[in-house]
Asker: 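The structure is given below, and queries will be raised subsequently.
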Amino acid sequence: MTWALRFHTPQGGEFTLPLPQTLPGQEVGEVSLSHKPLEALEARGNLLARFALKEGEALEVRFRLRTTSFRASPPWGKALLREPPEAWPGILAHRGHRVERALGFLLSGRPHTWFLVDGLPLDPSLFQGLRENPALLLPLGVAPDPRLYLGGHEGRRLLLFREPWPGEEELPWNELKPLGLDPLPPARALAFLSLGASALGLSTGPWPYLPYLALLALRQGPALKDLLRQSPRHALESLLFHAFALSVTTEARPELGLAYLGLLFWNRTRPPWREDPHLG
């Protein structure tokens, strides 16, 4: 799949930016730049390029990206479960491990920061987020066990820059976007327009909603099966929402909506990590 990194600034000048490169868990190819760099260099495992941009000018880097999940079981992983996630980098650095900050994007387009410990990924924020909500990464088509992030990752991210911990660098790129037509956003818009019309009494039938549901099943179906094994009530939350939405377009079933709202409230107040002693 082809992606584009974009950088824009209201002021002109020279800017040094990290470029995508092939690393464990990500394969990068066919890189093209909208501007010729003044120079390119490597530093601390980073591929950097310096560009001269005029006021209001935008820089774009296009590239093909293939990502895969990364799994490892380092000896320090299980020991961290007894400690708060926010303390993990400091604990490992104190024990003599090489700890680096990793800056990049999740493939949803959201900037994300995690860590590398002796070169292996460590992601305290997603570990904590998935303990509280196992469906957190369902939009990315994955529902990983939180313990994956003790030495691995889900394979839906792009690493661009690394620096020694604690570090204070910010990712300079403004956005990461896939190129080409994605049918999901227009299908989603059509689906929710049909829900709005049905709620106003204009019967549309289920047909405008079904393409959206089919695309979701293709992208999230395997992850939903994984979620069903890990936390059935979080998987049921998603299924109840779509069941109620479909009923609105045909014959509204308020009990489905009430069941969805009740389960939503229950899931947010009773995250499953409290029920699983193996997750700390």
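Just so you know, these numbers use all the heavy atoms, side chains as well, and skip hydrogens, waters and symmetry mates. Since the structure is predicted, the reported quantities are computational estimates derived from the model, not experimental observations. Quick note: residue numbers are just sequence positions, from 1.
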Asker: Hey, is CD on Glu251 packed in by over 12 heavy atoms from elsewhere, all under 6.0 Å?
Answerer: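 No, CD of Glu251 has 12 or fewer neighbouring heavy atoms, counting only those of other groups under 6.0 Å.
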Asker: Donor-acceptor pair, distance only, cut-off 3.5 Å: does the side chain of Gln21 make one with the backbone of Gly45?
Answerer: yes
Asker: Aromatic ring centroids of Tyr260 and Phe244 under 6.0 Å?
Answerer: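 Judged by ring-centre distance (under 6.0 Å), Tyr260 and Phe244 do not meet the cut-off.
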Asker: Is it the case that the side chain of Trp173 and the backbone of Pro18 share a donor-acceptor pair, with hydrogens and angles ignored and the cut-off at 3.5 Å?
Answerer: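 Present.
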Asker: Kindly say whether Val28 contributes a backbone atom to a donor-acceptor pair with the side chain of Thr22 at under 3.5 angstrom?
Answerer: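 A pair under 3.5 Å: yes.
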Asker: Taking Thr67 for the side chain and Gly155 for the main chain, is one N or O donor matched with an acceptor at less than 3.5 Å?
Answerer: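 Indeed, once roles are kept as given, a pair shorter than 3.5 Å links the two residues.
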Asker: For Phe15 and Phe51: C-alpha separation, side-chain torsions, deciding distance, then whether ring-ring contact (aromatic ring centres under 6.0 Å, His included) applies.
Answerer: CA-CA 5 Å; Phe15 303 90; Phe51 298 90; 9.4 Å; no
Asker: Go through the side-chain N and O atoms of Arg233 and Asn267 and say whether any donor and acceptor fall under 3.5 Å apart.
Answerer: yes
Asker: As a quick check of understanding, evaluate side chain to side chain contact (heavy atoms under 4.5 Å, CB included) for Val61 and Trp3, giving each step before the final call.
Answerer: CA-CA 8 Å; Val61 176; Trp3 295 77; over 6 Å; no
Asker: Would you say Ser198 and Thr204 are linked by a side-chain donor-acceptor pair, where the criterion is simply a distance under 3.5 Å?
Answerer: yes
Asker: Quick one: do Glu60 and Lys177 satisfy salt bridge (charged side-chain N to carboxylate O under 4.0 Å, His left out)? Show the steps, please.
Answerer: CA-CA 11 Å; Glu60 182 176 273; Lys177 288 189 175 181; over 6 Å; no
Asker: Going by distance alone, is a donor N or O of one side chain under 3.5 Å from an acceptor N or O of the other, for Arg62 and Ser32?
Answerer: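 Their side chains do not contain a donor-acceptor pair, so the 3.5 Å distance test is not met.
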Asker: Is the closest basic N to carboxylate O distance between Asp123 and Arg157 below 4.0 Å?
Answerer: yes
Asker: Start with the C-alpha gap between Ser125 and Glu86, add the side-chain angles, then the distance that decides, and say whether side chain to side chain contact (heavy atoms under 4.5 Å, CB included) holds.
Answerer: CA-CA 8 Å; Ser125 64; Glu86 61 273 13; over 6 Å; no
Asker: Salt bridge check, Arg98 against Glu100: does any charged N sit closer than 4.0 Å to a carboxylate O?
Answerer: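 The answer is yes: the pair qualifies as a salt bridge.
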Asker: Just by distance, do the side chain of Thr250 and the backbone of Leu246 share a donor-acceptor pair under 3.5 Å?
Answerer: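 Yes; judged by distance alone, with no hydrogens or angles, the pair exists.
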Asker: Classify the ring geometry of Tyr209 against His242: parallel below 30°, tilted from 30° to 60°, perpendicular beyond 60°.
Answerer: tilted
Asker: With salt bridge (charged side-chain N to carboxylate O under 4.0 Å, His left out) as the test, would you mind laying out the steps for Asp182 and Arg188 before giving the verdict?
Answerer: CA-CA 11 Å; Asp182 182 358; Arg188 182 190 296 116; over 6 Å; no
Asker: Evaluate Trp266 against Arg268 for side chain to side chain contact (heavy atoms under 4.5 Å, CB included), listing each step before the verdict.
Answerer: CA-CA 6 Å; Trp266 178 260; Arg268 297 306 178 269; over 6 Å; no
Asker: Using a 3.5 Å distance criterion without hydrogens, assess whether the side chain of Trp88 forms a donor-acceptor pair with backbone atoms of Glu83.
Answerer: yes
Asker: Ignoring hydrogens, what is the shortest heavy-atom contact between Ala223 and Ala143? Give both atom names and the distance.
Answerer: O-CB, 3.5 Å
Asker: For Phe265, is there any backbone N or O sitting under 3.5 Å from a side-chain donor or acceptor partner on Thr269?
Answerer: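 Yes; judged by distance alone, with no hydrogens or angles, the pair exists.
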Asker: Answer yes or no: is there a donor N or O on one side and an acceptor on the other, between the side chain of Asn46 and the main chain of Leu48, under 3.5 Å?
Answerer: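 Not a single qualifying donor-acceptor pair exists.
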Asker: I would like to know whether Thr16 and Arg50 meet side chain to side chain donor-acceptor pair (under 3.5 Å); could you show each step before the answer?
Answerer: CA-CA 4 Å; Thr16 300; Arg50 186 163 58 90; 5.0 Å; no
Asker: Counting only N and O atoms by type, is there a donor-acceptor contact under 3.5 Å from the side chain of Asn174 to the main-chain atoms of His8?
Answerer: yes
Asker: Report the C-alpha separation of Glu154 and Leu137 in whole Å, then their side-chain angles, then the decisive distance to 0.1 Å, and conclude whether the side chain to side chain contact (heavy atoms under 4.5 Å, CB included) test is met.
Answerer: CA-CA 9 Å; Glu154 75 298 312; Leu137 296 183; 4.3 Å; yes
Asker: Could you tell me whether the side chain of Glu163 and the main chain of Glu168 form a donor-acceptor pair under 3.5 Å?
Answerer: yes
Asker: So, are Arg162 and Glu169 salt-bridged, with charged N and O less than 4.0 Å apart?
Answerer: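 Between Glu169 and Arg162 there is no salt bridge, as every charged N stays at least 4.0 Å from the carboxylate O atoms.
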